[in-house]
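Below is one structure, written out as structure tokens; the observations come after it.
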Amino acid sequence: QVQLVESGGGLAQAGGSLRLSCVAPGRTISSYTMGWIRQAPGKEREFVAAINWSGAYTLYADSVKGRFTISRDNAKNTVSLQMNSLKPEDTAVYYCAARLLGISTSVNYNYWGQGTQVTVSS
């Protein structure tokens with residue numbers, strides 16, 4: 001079992017920035033593909049970004065490409081999502097997740113955090 005804890009959500013204005021962090025207390029995540037998935041009210045979960053175990057490969061949804069950056073620090077068991085040029089349509093609950101399979105745009109992950117709310121005002 002991998003416990004994931006997100007932080008860094010909040011309220012931002014359109015055009016602003018937020019940085020989300022995810023930590024796995026007491027557990028190494030170096031062998032997992034890590035991802036960020038979001039869910040807006042009334043909508044299905046949506047892939048945002050993923051990073052492979054080493055950090056050498058990343059994937060992004062078209063809607064966030066060029067604005068969001070995913071990174072990881074395996075020594076600290078953390079994954080981050082830097083979100084710039086935020087738009088109101090980025091408003092959602094953002095989940096950190098870990099999976100044993102390789103990097104893809106899937107929303108099928110083995111372990112999930114509790115989620116952190118991101119709200120972007122226009």
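Heads up: numbering here begins at 1 and tracks the sequence.
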Give, for atom [atom1] of [X] and atom [atom2] of [Y], the distance between the pair rounded to the nearest 0.5 Å.
| X | Y | atom1 | atom2 | value |
| --- | --- | --- | --- | --- |
| Gln3 | Tyr111 | CD | OH | 12.5 Å |
| Cys96 | Ile70 | SG | CD1 | 8.0 Å |
| Thr58 | Ile103 | OG1 | CD1 | 6.0 Å |
| Ser122 | Gln13 | OG | CD | 9.5 Å |
| Phe68 | Asp90 | CZ | CG | 4.0 Å |
| Met34 | Asn52 | CE | CG | 12.0 Å |

Test item: [X] side-chain N/O and [Y] main-chain N/O as donor-acceptor pair under 3.5 Å:
| X | Y | answer |
| --- | --- | --- |
| Thr91 | Val120 | yes |
| Arg99 | Asn108 | yes |
| Asn74 | Trp53 | yes |
| Thr33 | Leu101 | yes |
| Asp73 | Thr78 | no |
| Arg67 | Ser85 | yes |
| Arg27 | Gln1 | yes |

Would you name the heavy atoms of [X] and [Y] that are closest together and state the gap between them?
| X | Y | result |
| --- | --- | --- |
| Ile29 | Val79 | CD1-CG2, 3.8 Å |
| Ile37 | Trp112 | CB-CZ3, 3.9 Å |
| Ala14 | Pro88 | CB-CD, 4.1 Å |
| Ala98 | Leu4 | N-CD1, 3.8 Å |

Report yes if the side chains of [X] and [Y] come closer than 4.5 Å at any heavy-atom pair, otherwise no.
| X | Y | value |
| --- | --- | --- |
| Ser63 | Arg38 | yes |
| Cys22 | Trp36 | yes |
| Ser71 | Gln82 | no |
| Leu86 | Leu18 | yes |

**Asked** Could you walk me through whether Asn110 and Tyr32 pass the side-chain contact (heavy atoms from CB on, under 4.5 Å) check?
**Response** CA-CA 10 Å; Asn110 301 100; Tyr32 293 89; 5.7 Å; no
**Item:** Audit row: Val93, Tyr95, side-chain contact (heavy atoms from CB on, under 4.5 Å) steps and yes/no
**Value:** CA-CA 7 Å; Val93 176; Tyr95 297 92; 3.6 Å; yes
**Message:** Quick check on the hydrophobic clustering: are Val118 and Tyr60 connected, directly or via other members, by side-chain heavy-atom contacts under 4.5 Å?
**Reply:** yes
**Asked** Going by atom types alone, do Arg45 and Tyr109 pair a side-chain donor with an acceptor below 3.5 Å?
**Response** no
**Asked** Among Gln39, Met83, Glu6, Gln117, whose side-chain contact (heavy atoms from CB on, under 4.5 Å) with Tyr94 holds?
**Response** Met83
